[in-house]
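Below is one structure; the comments refer to it alone.
Computed over heavy atoms, backbone and side chain alike; hydrogens, waters and symmetry mates excluded. Predicted model, so just to flag it, every value in this text is computed and none were measured.
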Amino acid sequence: MKKKPYSALNGLIISNGETCSSIAAQIGISPQAMSAKMTGKSSFTADEIAALGYLLGLPAEEYYKFFGPPLRKVVIYHDFVPKILWTRF
């Protein structure tokens with residue numbers, strides 16, 4: 001059986017009492033777009049990754065565990081404090 005690319009992220013969403021559809025609404029995308037991203041058919045944008053991290057309380061240094069290997073440095077603001085994370089685009 002093929003592993004889903006974002007199964008760890010799905011687990012984090014569920015453990016936070018959310019669904020992919022509810023998170024999609026909160027980050028401003030359709031449930032269909034969220035499904036395509038969670039199955040690897042399309043990619044998350046940097047803004048979507050930052051929003052997901054904020055909503056799910058993900059520490060900046062752990063983003064790579066959920067979104068793949070680091071390829072590009074991005075500064076995000078979490079609780080009004082700039083933090084650096086590495087992400088792919």
Side-chain angles (χ1 to χ4, degrees):
M1 181 176 203
K2 187 175 178 182
K3 184 179 177 188
K4 294 181 181 178
Y6 291 104
S7 59
L9 178 60
N10 191 53
L12 182 62
I13 289 169
I14 292 168
S15 72
N16 275 273
E18 299 282 355
T19 64
C20 286
S21 293
S22 68
I23 289 291
Q26 292 177 67
I27 65 171
I29 63 174
S30 70
Q32 294 83 359
M34 183 70 168
S35 177
K37 292 169 190 296
M38 293 296 287
T39 57
K41 293 178 182 170
S42 67
S43 299
F44 286 102
T45 66
D47 288 342
E48 291 163 350
I49 290 170
L52 284 166
Y54 179 77
L55 290 170
L56 299 172
L58 187 62
E61 60 274 5
E62 292 186 18
Y63 279 55
Y64 76 93
K65 292 179 183 176
F66 296 91
F67 298 103
L71 298 177
R72 184 170 177 185
K73 183 177 175 181
V74 176
V75 177
I76 63 163
Y77 291 89
H78 192 9
D79 294 334
F80 303 105
V81 177
K83 295 191 179 191
I84 297 173
L85 68 111
W86 294 88
T87 187
R88 58 192 162 122
F89 287 88

Report the residues that fulfil side-chain contact (heavy atoms from CB on, under 4.5 Å) with Ala51, sequence neighbours left out, ordered by chain and then residue number. Ile27
Which residues pass the side-chain contact (heavy atoms from CB on, under 4.5 Å) test with Glu62, not counting sequence neighbours? Leu58, Pro59, Lys65
Just grab all the salt bridge (charged side-chain N to carboxylate O under 4.0 Å, His left out) pairs involving residues 21-35, residues at least two apart or on different chains. none
How about Phe67 and Phe44: are their ring centroids closer than 6.0 Å? yes
Where is the tightest heavy-atom contact between Pro5 and Gly40, given as atom of each residue plus distance? CG-N, 3.7 Å
Any donor and acceptor pair, going by atom type alone, linking the side chain of Ser15 with main-chain N or O of Leu12 inside 3.5 Å? yes
Applied to residues 30-41, the salt bridge (charged side-chain N to carboxylate O under 4.0 Å, His left out) test, sequence neighbours excluded, yields Lys37-Glu48
Contacts satisfying salt bridge (charged side-chain N to carboxylate O under 4.0 Å, His left out) that involve residues 14-30 (not counting sequence neighbours) are none
Hey, what do you get for CG (Asn16) to CD1 (Ile23), rounding to the nearest 0.5 Å? 7.0 Å
Do Ile13 and Met38 touch side chain to side chain, with heavy atoms closer than 4.5 Å? yes
How about Leu56 and Leu9: do any of their side-chain heavy atoms sit closer than 4.5 Å? yes
Please report the interatomic distance OG(Ser42) to CE(Met34), rounded to the nearest 0.5 Å. 10.5 Å
